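Every value quoted in this text rests on a predicted model; they were computed, and no experiment measured them. Each chain gets a letter, A, B and so on, in the order the sequences are listed, and its residues count up from 1.
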2 protein chains.
Amino acid sequence: MGTPQLTKNQSLVMGALAHSDGPLSAYTILDKLRDQGFRAPLQVYRALDKLLEYGLVHRLESLNAFVACTCPHEHEHDHGVTAFTICEGCGQVTEFHDEAIEQRLSALVRAQSFKTEKTTIEIRGHCKSCA
Amino acid sequence: MGTPQLTKNQSLVMGALAHSDGPLSAYTILDKLRDQGFRAPLQVYRALDKLLEYGLVHRLESLNAFVACTCPHEHEHDHGVTAFTICEGCGQVTEFHDEAIEQRLSALVRAQSFKTEKTTIEIRGHCKSCA
DNA sequence: TCGCACACGTTATAGCATAACGCAATTGAT
DNA sequence: ATCAATTGCGTTATGCTATAACGTGTGCGA
Ligand SMILES: [Zn+2]
Ligand SMILES: [Zn+2]
Ligand SMILES: [Zn+2]
Ligand SMILES: [Zn+2]
């Protein structure tokens, strides 16, 4: 189960995110795609649902917004826990992964007998340029 | 600068959260407090802002909801990074803190020359009872 | 050919959060 | 005491985020 061929709407939404320098809200994506025929939020949300499922896009919970995944490797397998730094100044988002954090979190939730389905790690602050 | 005396509205909102077994949305709090004279969302949001500032309440970004802090120690000092497990089955939320994760995250963002202001860690899944 | 899965389009609605106005009480100089 | 600044409060209106519910069309295997 790799990534299937994207539909037209999915490609358009993916393109909007990929060409943006920062995260986009669903409604911002909608506005960017009006010229391509988008008329309603559901067209965006349905595409986003699939892109999230395929691992091509991440949702930033603390922003109610979405970013294209910047993982270098192919998306054939789940890429573990994803973390983000989010600059309040310039809006820059940096995705990163860390095995140590993943394992430590895993141990902590195992101690609670908790079964993880999705992990959110988001760090708000200021990047080097915006300090 | 400890925690100031709470105002009436702040006390009511704090009480609603403290007596709930799970997280509450702002609008759910509003409904619970209608009999106490609450009429509009802003009454809730303004109280929540202060309670968040005092560290008595946490916001769950992935749920757009709020929980009372369950830290044992007094809230005279910032209690570092807070993490949560959130059960999709029963809604139970468990707050925890871990020095190792805090330090590892700190090292990772320092490597980016990023200055952290707020860290969100939320783990969605199923608790022992709901597995 | 039938049935099913899936993407799509549209309208309406639900849920979350803040802007902007004005008033009242408190505090802390002067 | 008086003035100014701060803080909390109440209200109305608005904006942003997300989903429900309905129907259409297309492709594909039984
Ligand atoms: Zn990624
Ligand atoms: Zn920046
Ligand atoms: Zn806490
Ligand atoms: Zn549970």
Worksheet item: Taking only residues two or more places apart in sequence, or in another chain, which ones meet B:E122 in a side-chain hydrogen bond (donor to acceptor under 3.5 Å, both in side chains)?
Response: B:S62

Worksheet item: Are B:T120 and B:L60 close enough, and set up right, to give a side-chain contact (heavy atoms from CB on, under 4.5 Å), and what steps lead you there?
Response: CA-CA 8 Å; B:T120 298; B:L60 299 174; over 6 Å; no

Distance-only criterion, 3.5 Å: show the donor-acceptor pairs between side-chain atoms of residues 102-114 of chain B and protein atoms not counting sequence neighbours.
residue, atom, partner, partner atom, Å
B:Q103, NE2, B:E99, OE2, 3.3
B:R104, NE, A:D98, OD1, 3.3
B:R104, NE, A:D98, OD2, 2.9
B:R104, NH2, A:D98, OD1, 2.5
B:S106, OG, B:R110, NH1, 3.2
B:Q112, OE1, A:T85, OG1, 2.8

Worksheet entry | Atom pair distance, as rounded to whole Å: CG in A:L24 and P in D:dC16 | 15 Å

Discussion item. What is the distance, to the nearest angstrom, from the CZ atom on B:F38 to the C1' atom on D:dG8?
Written reply: 12 Å

Item to complete: Using a 4.0 Å cut-off on protein heavy atoms (strictly under), produce a 5'-to-3' string for nucleotides 17-26 of chain D with B for base contact, S for backbone-only sugar-phosphate contact, and - for none.
Response: BBBBB-----

Worksheet item: Would the A:F66 and A:H58 ring centres measure less than 6.0 Å apart?
Response: no

Worksheet item: Does B:E61 have any side-chain hydrogen bond (donor to acceptor under 3.5 Å, both in side chains) partners at least two apart in sequence or in another chain, and if so, which?
Response: B:R59

Discussion item. If you take any heavy atom closer than 4.0 Å to DNA chain C, which residues from residues 6-23 of chain A end up in contact?
Written reply: A:T7, A:K8, A:N9

Worksheet item: CZ of B:R39 versus C1' of D:dT11: gap in Å, rounded?
Response: 10 Å

Worksheet entry | Nucleotide interval of DNA chain C bounded by contacts with chain B (heavy-atom cut-off, under 4.0 Å) | C:dC16 to C:dA20

Discussion item. With a 4.5 Å cut-off on side-chain heavy atoms, are B:L56 and B:M14 touching?
Written reply: yes

